[in-house]
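Right, one structure below, let's go through it.
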Amino acid sequence: MEPQAVGGSRHDERRFLVGRCEATYNMLWGTVNATTTSCKHLQCLGEPKECRLAPREPGLGGYLPGPGRPQQAADDRRRVRPQETRTRRAADRTMADRCSPRTRRRVASPDRPATPKKNQARARARRETAPVSDDREKPVRVRVAPSPTGDPHLGTAYQALFNYAFARRHGGQFVLRIEDTDRQRSSRESEEEILAALRWLGLAWDEGPDQDGPHAPYRQSERLEIYREHAERLLASGAAYRDFSTREEIARERESGQDALDYVGHSRRHRDLDPEEAARRAAAGEEHVVRLRVPTDGVCTMHDVLRGAIEREWSLVDDQVLLKSDGFPTYHLANVVDDHLMEITHVIRGEEWISSLPKHLLLYEKLGWQPPLFCHLPLLRNDDANRSKLSKRRNPTSIDYYRRAGYLPEALLNFLGLMGLSRADGDEKLSLEEFVEGFDLEAISLGGPVFDQKKLRWLNARYLREDFDAAGLVRLLRSWRLDDTTLERIAPLAQPRLETLGDWGELTAHLFADLVEPPVEELTLEGCEPEQVAEVLQMVAWRVDTLRPFVADRIHGVLRELAEQLGFKLRQFTRPLYVAISGKPASTPLFDTMEILGRDLTRARLRAAVERLGGLGAKKLKKLEKRYQALGGGSGGEGSDDDGDG
RNA sequence: GUCCCCAUCGUCUAGUCAGGUCUAGGACACCAGCCUUUCAAGCUGGCGACACGGGUUCGAAUCCCGUUGGGGAUACCA
């Protein structure tokens, strides 16, 4: 278009006359903005409002749709779009056509930073806060801190991945710390499984329980003395106090539901006890906990890298227990002390921790330390109606499940990386290196992403197809589960049932499959309605879930016990299990099959069978869990559902 | 209940900070067609969203307020 002196080209006038001033502005805006501030927009036949965009004085260049901008750019784009097929590989694309129009603009105009920022929240963050940007010369140190209380959880992998990527991106260090301060629930087996799972994923840590470093030990149960000392310090300064209330007293208070308790969850009865008397009572061996003395008024302002300033009234924060009566610290004390001592610079953890941030901040303050930067990641969600946080009730959440079901670590990691951070206009298949390279902590989306199995399968399929030739695939299968050891375990189970070698395939298929499809009409238990069968299967799932080691004779023992408790003969009892596990009424021996499948696959199939039978609603499940726990068969149920990590 | 966080296709997301190029882009799923000895893969196309209501503005997915919805926390669990 040819630049023309103002008053407007005919083109412009025509638009004005039909009352489409906005459209005209749109067309003009790109060139106008640099030179104009505000003016009376006389030609407008619509409302004669103040118009900031049109040129003030006639004769200015504002009406000129300058050389090639921006209308033309838009036209170009429109023309181009149809040919820009969505499946062109990233490599075929230029930087410019790989990104969004907006980003393209950024790329084109070097005066703007090319990093897109997210969300109004982040806008607020910029405006309202000047978060702590502490000594930036310090090398980045981050950590993932799983608690070894169950299966290696996808959430742990997710946190680990983002911490890992951040550390690598900034040439920093990534620490693995085991938060085993829950004496009842923690186990060494679980810890080992978690390490193995993270190793399988390829997320190597620089320091950890198995990888000595300057801040060892990396297992909190081995640092008890450190926490005790810090608790003493807090006690001495009055930042903490001893509370001699019994659990029963607290429970009773809560039950009575006094208003004052609503906020803080317990009375602060011992808050003002004379410290010396308290110390005496403690010395005399009276059982007590140590609590943090939280201010009763004022506001705590916290900063989150993604959310900016967050405010919370101190009166709403409880006097957190720091040291339990068994002398173990709670998460809150341990994580603050360790993060400081281990020189963690950025705490990247799950959103579930936001509400305890005030306490953590207070601890840093009272200990006289500078807090790290906090970044709370959204929680992975279930694919159900209300998108609750990812739980194994609805989804397989164990990393081991995905491994045994035949997913590749690259695919799982890749997929996890897509949760919250995306390359929306590029190829979504990307390696860990590529992920790290493009990693931008501040660009994470805040909406809790649903863990979509279907998309994971698609990604996994691409890895399988694209990254292996025939020989490679064979090697992969061998290293997965078609190894001699596994086959030799299966052989004795199959042999008696084999009439020809040709039977092998069908006979053993269920030992390698992810899920099987048991016919509902075969999922029966003598004298039981389908719902009762579902209940039985659910209880077996719970029982199996905590069983370590997961071997045939242990499984046998545990199931026989459960059968007795429920008043069934083992023979009857196992019938729906066969069907649920193998998909058929007759198959390889149950307990051995379960052992070969492993805990995760076994559980997944039991759960799938429960769903096939119509499922159990939340209420029924709750009731059932009570009944189950009354059987006293060890912990289990959904209580051990989540595996938080800090 | 209370507090905190969040809000674009069914799902993952781009765009939001610095409002105009958004007729809202991509991917998964779904549907159809092509290719093909079947199926898958691949290719092409289709369906499909700015939660709602106010405000600011010439102009709002974008800024502000409110509502609604969802999540998290409310433990001597993490």
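These numbers were taken from a predicted model, which means no experiment stands behind them. Just so it is clear: chains get the letters A, B, ... in the order the sequence lines come, proteins before strands, and each one is counted from 1.
- Backbone-only engagement by Arg291(A) is indicated by non-hydrogen atom pairs under 4.0 Å involving sugar-phosphate atoms exclusively.
- In the interface, the side chain of Ser355(A) is not paired with the base of C4(B) through any donor and acceptor atom under 3.5 Å apart.
- Backbone-only engagement by Arg465(A) is indicated by non-hydrogen atom pairs under 4.0 Å involving sugar-phosphate atoms exclusively.
- Ser356(A) comes within 4.0 angstrom of nothing in the nucleic acid, heavy atoms only.
- Applying side chain to side chain contact (heavy atoms under 4.5 Å, CB included) to Phe435(A) and the options Leu418(A), Leu416(A), Leu161(A) leaves one that passes, Leu161(A).
- As judged by a 4.0 angstrom heavy-atom cut-off over every strand, Val289(A) is placed among the base-contacting residues.
- Side-chain contact annotation: His376(A) with Arg349(A), donor-acceptor N/O pair under 3.5 Å present.
- Distance CG (Leu357(A)) to P (C5(B)): 12 Å, rounded to an integer number of Å.
- Side-chain atoms of Ser431(A) and Glu434(A) include a donor-acceptor pair closer than 3.5 Å.
- In this structure, Met419(A) places its CE atom 5 Å from P of U13(B), rounding to the nearest Å.
- Taking atom CG of residue Leu421(A) and atom P of nucleotide A27(B), one finds them 19 Å apart after rounding to whole Å.
- Under the side chain to side chain contact (heavy atoms under 4.5 Å, CB included) criterion, Ser245(A) pairs with Asp243(A), Glu249(A), Ile250(A), Arg269(A), His270(A), not counting sequence neighbours.
- Side chain Arg307(A) to base C5(B): no donor-acceptor pair is found below 3.5 Å.
- Between the side chains of Tyr241(A) and Asp319(A), a donor-acceptor pair is found at a separation under 3.5 Å.
- One can place CG of Leu316(A) at 15 Å from P of G1(B), the figure rounded to the nearest angstrom.
- Using atom P as the reference point in both C3(B) and G59(B), the two lie 36 Å apart (nearest Å).
- Among the atoms of the strands shown, none is found under 4.0 Å from any heavy atom of Gln184(A).
- Every side chain to side chain contact (heavy atoms under 4.5 Å, CB included) that Gln453(A) has, sequence neighbours left out, goes to Asn395(A), Pro396(A), Tyr402(A), Tyr407(A), Phe451(A).
- On a pure distance criterion of 3.5 Å, a polar donor-acceptor pair joins the side chain of Lys455(A) and the base of A27(B).
- Of the residues near RNA chain B, Glu311(A) and Leu323(A), the one whose nearest nucleotide (by heavy atom distance) lies more toward the 5' end is Glu311(A).
- C47(B) and A32(B) have their P atoms separated by 15 Å, with the value rounded to a whole Å.
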Are there any protein N/O atoms within less than 3.5 Å of an N/O atom in nucleotides 68-70 of chain B, and if so, which ones and at what distance?
{"from": "G70(B)", "atom 1": "O3'", "to": "Asn386(A)", "atom 2": "O", "distance (Å)": "2.8"}
{"from": "G70(B)", "atom 1": "O2'", "to": "Asn386(A)", "atom 2": "O", "distance (Å)": "3.3"}

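- Geometric assessment of Lys429(A) against the ring of Tyr463(A) yields a positive cation-pi assignment under the 6.0 Å and 45° thresholds.
- Between A14(B), C3(B), C4(B), one nucleotide has an atom nearer to the side chain of Ile354(A) than all others, and that is C4(B).
- Taking every side-chain heavy atom of Trp458(A) into account, A29(B) is the closest of A78(B), A29(B), G26(B).
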